[in-house]
Amino acid sequence: MMAAVMAVTMMMTAVACTDRGDVQVDTSRMTEVTEQATEDIVGIPNLFLTGETMEEAAGLAGFSMTVPGEVPGYEKSEIQVVEGELFQVFYVCGNEQVLIRKAAGSDDITGDYNDYSETDTAEANGSTVTLRGEDGMVKAASWQKDGYTYAIDAAEGLPAETVLKLVEETE
């Protein structure tokens with residue numbers, strides 16, 4: 001990996017310098033080095049599978065999930081699963097998104113590890129829900145029920161009442 005970074009850096013430096021009339025650079029071997037470095041880079045596989053329907057996604061996930069028909073102001077846009085592990089549904093409004101997740105166990109699956117100035121708990125749907133955010137808006141919520149952990153991630157924030165209503169409608 002370090003070789004790839006070095007090769008690309010050398011190539012960029014050489015390209016930047018070749019426009020100057022006073023510098024001569026032999027770039028013939030750079031292509032060879034860059035191609036080898038690129039072959040050595042191993043990518044991280046995408047584990048997420050997209051489901052066309054909640055039923056199809058449940059078959060892939062190995063468990064079902066019930067989500068709200070709508071999040072006020074947002075449209076349901078995508079259903080994803082990590083086979084046998086995680087189920088998530090995206091709602092979007094322009095560049096903003098709300099994500100609702102479910103997984104077996106009790107780990108934090110919000111995907112939001114920020115330290116927020118406001119943390120509170122509330123009861124909803126028979127569970128204690130942890131609400132985290134700032135300026136009166138909830139950006140991450142999490143709770144456990146019946147052996148599953150759930151999360152709502154709202155990067156732009158939602159009012160607590162809206163989040164708790166979403167919790168009530170999510171199983």
Side-chain angles (χ1 to χ4, degrees), residues 1-2 4-5 8 37-171:
M1 180 66 172
M2 187 57 143
V5 172
V8 171
T38 302
E39 288 175 13
D40 292 341
I41 297 174
V42 177
I44 298 172
N46 181 4
L47 300 176
F48 289 97
L49 304 171
T50 300
E52 294 297 320
T53 66
M54 293 295 285
E55 294 76 20
E56 179 187 1
L60 294 169
F63 54 91
S64 64
M65 181 177 182
T66 302
V67 294
E70 68 174 16
V71 173
Y74 294 78
E75 288 185 22
K76 189 185 295 184
S77 70
E78 191 171 15
I79 305 165
Q80 292 183 334
V81 299
V82 174
E83 197 168 0
E85 293 183 29
L86 177 78
F87 201 131
Q88 62 184 18
V89 179
F90 292 86
Y91 297 81
V92 297
C93 177
N95 291 331
E96 297 178 19
Q97 89 176 10
V98 172
L99 176 60
I100 302 178
R101 289 180 161 164
K102 178 180 180 179
S106 60
D107 291 340
D108 179 356
I109 58 168
T110 59
D112 184 339
Y113 304 105
N114 293 308
D115 289 324
Y116 291 109
S117 59
E118 299 169 13
T119 300
D120 200 1
T121 58
E123 294 296 318
N125 203 21
S127 298
T128 300
V129 182
T130 301
L131 306 167
R132 298 182 299 124
E134 55 195 13
D135 301 324
M137 301 297 276
V138 176
K139 298 198 174 206
S142 58
W143 69 102
Q144 287 84 39
K145 185 172 185 177
D146 299 329
Y148 289 95
T149 186
Y150 298 82
I152 297 175
D153 179 50
E156 300 301 317
L158 293 170
E161 299 78 31
T162 300
V163 172
L164 293 174
K165 185 174 185 300
L166 297 175
V167 170
E168 292 284 343
E169 298 175 10
T170 302
E171 290 195 23

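- Within the 3.5 Å criterion, the main-chain N or O of S142 finds no donor-acceptor partner in the side chain of R132.
- Checked against the 6.0 Å centroid criterion, the rings of F63 and Y148 qualify as a close aromatic pair.
- Looking at R101 and Y150, their side chains never come closer than 4.5 Å, going by heavy atoms from C-beta outward.
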| task | Step by step, work out the side chain to side chain donor-acceptor pair (under 3.5 Å) result for S127 and N125. | result | CA-CA 6 Å; S127 298; N125 203 21; over 6 Å; no

- Message: Between E96 and Y74, is the side chain to side chain donor-acceptor pair (under 3.5 Å) condition met? List the steps.
- Response: CA-CA 9 Å; E96 297 178 19; Y74 294 78; 3.0 Å; yes

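- One N or O on the side chain of T149 and one on the backbone of D107 form a donor-acceptor pair closer than 3.5 Å.
- Atom CG of N95 has 12 or fewer neighbouring heavy atoms from other residues, nucleotides or ligands inside a 6.0 Å radius.
- E118 places a side-chain N or O within donor-acceptor distance of the main-chain N or O of D135, the cut-off being under 3.5 Å.
- Checking K145, K102, M65 one by one against T170, the side chain to side chain contact (heavy atoms under 4.5 Å, CB included) holds for a single residue, M65.
- Dense packing is recorded around CD of E123, with more than 12 heavy atoms of other residues, nucleotides or ligands lying under 6.0 Å away.
- Side chains of I152 and V98 form a contact here, defined as non-hydrogen atoms less than 4.5 Å apart.
- In this structure, K76 and E70 have side chains that are not in contact, with every pair of non-hydrogen atoms separated by 4.5 Å or more.
- Here the OG1-CD1 distance, from T66 to I100, works out to 11.0 Å after rounding to the nearest 0.5 Å.
- Here the side chains of W143 and V167 are in contact, with some heavy-atom distance below 4.5 Å.
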